[in-house]
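Chain letters run A, B, ... following the sequence lines, proteins first and then strands; every chain starts at 1.
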Protein chains: 2
Amino acid sequence: MENKDTFVKKLRSSGLRPTRQRIEICKALYDRKKTFHFTISDLAKILKSKSNEKISLATIYNTVSAFKNRNYLKEISINSNKSYFDTNVSNHHHFFNESTDELIDLKNEDVGNIKLKKKIPGKKIKSVEVLIKIQNNN
Amino acid sequence: MENKDTFVKKLRSSGLRPTRQRIEICKALYDRKKTFHFTISDLAKILKSKSNEKISLATIYNTVSAFKNRNYLKEISINSNKSYFDTNVSNHHHFFNESTDELIDLKNEDVGNIKLKKKIPGKKIKSVEVLIKIQNNN
DNA sequence: AACCTACTTTATAATGATTCTAAAGTAGTG
DNA sequence: CACTACTTTAGAATCATTATAAAGTAGGTT
């Protein structure tokens with residue numbers, strides 16, 4: 001549960017002015033009880049229905065991208081034609097249901113610690129992601 | 001090191017007739033000492049330079065897709081605008097160098113076993129992929 | 001409150017990967 | 001050799017994402 005002040009801070013610290021449109025985007029993303037997994041078109045659909053503003057795709061892309069760079073959103077690695085984002089930016093892993101294209105958070109204790117025994121000289125590790133693809137039984 | 005007979009078998013078992021173009025694609029993919037990571041445009045470039053045939057993009061997409069479905073190629077989960085494939089179809093994980101867009105195979109013993117402690121009722125697990133993103137130090 | 005300037009929004013165009021289409025070509029069987 | 005189903009191909013279509021440039025707005029300054 002976040003309020004408008006928090007959104008303004010999030011935006012300013014991402015180098016963005018708090019505009020009407022961006023505040024609406026913040027509400028859609030962060031004014032939630034659970035973490036939120038989405039694609040840009042999911043978010044656009046939600047904004048269209050929940051908000052009175054018309055917010056252009058360009059603005060949505062622009063804002064999501066700034067939040068991702070500022071680490072207020074996490075992009076999940078999936079070989080999909082679309083990008084998936086997660087409002088939960090802590091280190092954690094995912095199920096991806098290929099039958100429904102839905103992401104599900106895993107708790108770290110559900111995966112166990114990843115013990116990487118190999119290093120590559122001259123490279124630094126940016127992230128470690130585990131993706132478990134599942135399908136509906138049928 | 002595989003020969004033409006093997007390629008013909010691969011193609012037939014994928015439901016594809018062995019044509020000149022598809023044999024050329026097989027050579028580019030499997031006539032190698034090391035496993036090969038590629039995007040469609042990588043493969044198209046290689047075919048253009050190594051082979052005398054002109055092979056259309058549509059044929060390359062078609063063949064790669066059939067091999068993927070038949071499990072002769074593995075698609076790697078990366079949030080990129082392009083699809084990445086791997087001729088190594090065994091269970092294994094990857095580094096992805098974000099500075100160069102290159103994939104590097106990890107041996108399973110380099111990652112340790114992934115012990116999944118959570119199941120989802122009514123779903124079956126199709127794959128478990130670990131992706132470690134790295135960047136060049138500079 | 002009016003003013004100014006840099007940042008924003010927006011519709012639209014551009015790009016790039018992938019898929020589709022339909023006409024011309026080829027493999028494989030009889 | 002003939003026939004049919006499968007292929008190849010160039011080009012069009014699609015879809016997500018990025019770029020463009022004109023009109024709008026935030027926020028500081030008078």
Query raised in the report: For B:Thr39, which contact category applies under a 4.0 Å heavy-atom criterion: base, sugar-phosphate, or nothing?
Result: nothing
Report task. Pick base, sugar-phosphate or nothing for B:Thr19, based on heavy-atom distances below 4.0 Å to the nucleic acid. Result -> sugar-phosphate
Is it true that atom [atom1] of [X] has more than 12 heavy atoms of other residues, nucleotides or ligands lying nearer than 6.0 Å?
X: B:Lys117; atom1: NZ; result: yes
X: A:Lys124; atom1: NZ; result: yes
X: A:Lys54; atom1: NZ; result: no

Query - Inter- and intrachain pairs under side chain to side chain donor-acceptor pair (under 3.5 Å), touching residues 100-110 of chain B, at least two apart - result: B:Thr35-B:Asp105, B:His37-B:Asp105, B:Asn88-B:Asp105, B:His92-B:Asp105, B:His94-B:Asp105, B:Asn97-B:Thr100, B:Thr100-B:Glu102
Query - Contact list for residues 57-74 of chain B, test side chain to side chain donor-acceptor pair (under 3.5 Å), sequence neighbours left out - result: B:Ser13-B:Tyr72, B:Ser56-B:Thr59, B:Lys68-B:Glu75
Rounded to the nearest angstrom, tell me the gap between atom [atom1] in [X] and atom [atom2] in [N].
X: B:Lys82; N: C:dT15; atom1: NZ; atom2: P; result: 16 Å
X: A:Asn62; N: C:dT10; atom1: CG; atom2: C1'; result: 12 Å
X: A:Ile60; N: C:dT10; atom1: CD1; atom2: P; result: 9 Å
X: A:Glu24; N: C:dT10; atom1: CD; atom2: C1'; result: 17 Å
X: B:Ile40; N: C:dT18; atom1: CD1; atom2: P; result: 6 Å
X: B:Arg22; N: C:dA27; atom1: CZ; atom2: P; result: 11 Å
X: B:Asp101; N: C:dA17; atom1: CG; atom2: P; result: 12 Å
X: B:Lys45; N: C:dA17; atom1: NZ; atom2: C1'; result: 14 Å

Flag, side chain of [X] to backbone of [Y], donor-acceptor distance under 3.5 Å:
X: B:Arg22; Y: B:Arg17; answer: yes
X: B:Glu129; Y: B:Ser77; answer: yes
X: B:Asp86; Y: B:Val89; answer: no
X: B:Glu98; Y: B:Lys133; answer: no
X: A:Ser14; Y: A:Leu16; answer: no

Query - Nucleic acid contacts - residues 66-80 of chain A versus DNA chain D, non-hydrogen atoms under 4.0 Å - result: none
Report summary line: Bounded by its outermost nucleotides with an atom under 4.0 Å from a heavy atom of chain B, the footprint on DNA chain D reads D:dA5 to D:dA10
Query raised in the report: Linking I/L/V/M/F/W/Y whenever any side-chain heavy atoms sit under 4.5 Å apart, do B:Ile104 and B:Phe85 land together?
Result: no
Requested in this report: Any ring-ring contact (aromatic ring centres under 6.0 Å, His included) involving residues 95-138 of chain A? Give me the pairs, sequence neighbours left out, ordered by first then second residue.
Outcome: A:Tyr84-A:Phe96
**Report entry** Global bending angle along the helix from C:dA1-D:dT30 to C:dG30-D:dC1, which compares the axes of five pairs at either end, to 10 degrees
**Finding:** 20°
Query raised in the report: Would you say B:Gln21 reaches C:dT26's phosphate, i.e. side-chain N/O to OP1/OP2 under 4.0 Å?
Result: no
Report summary line: Nearest-nucleotide check on DNA chain C, A:Ser56 vs B:Asn81; residue mapping nearer the 5' end is A:Ser56
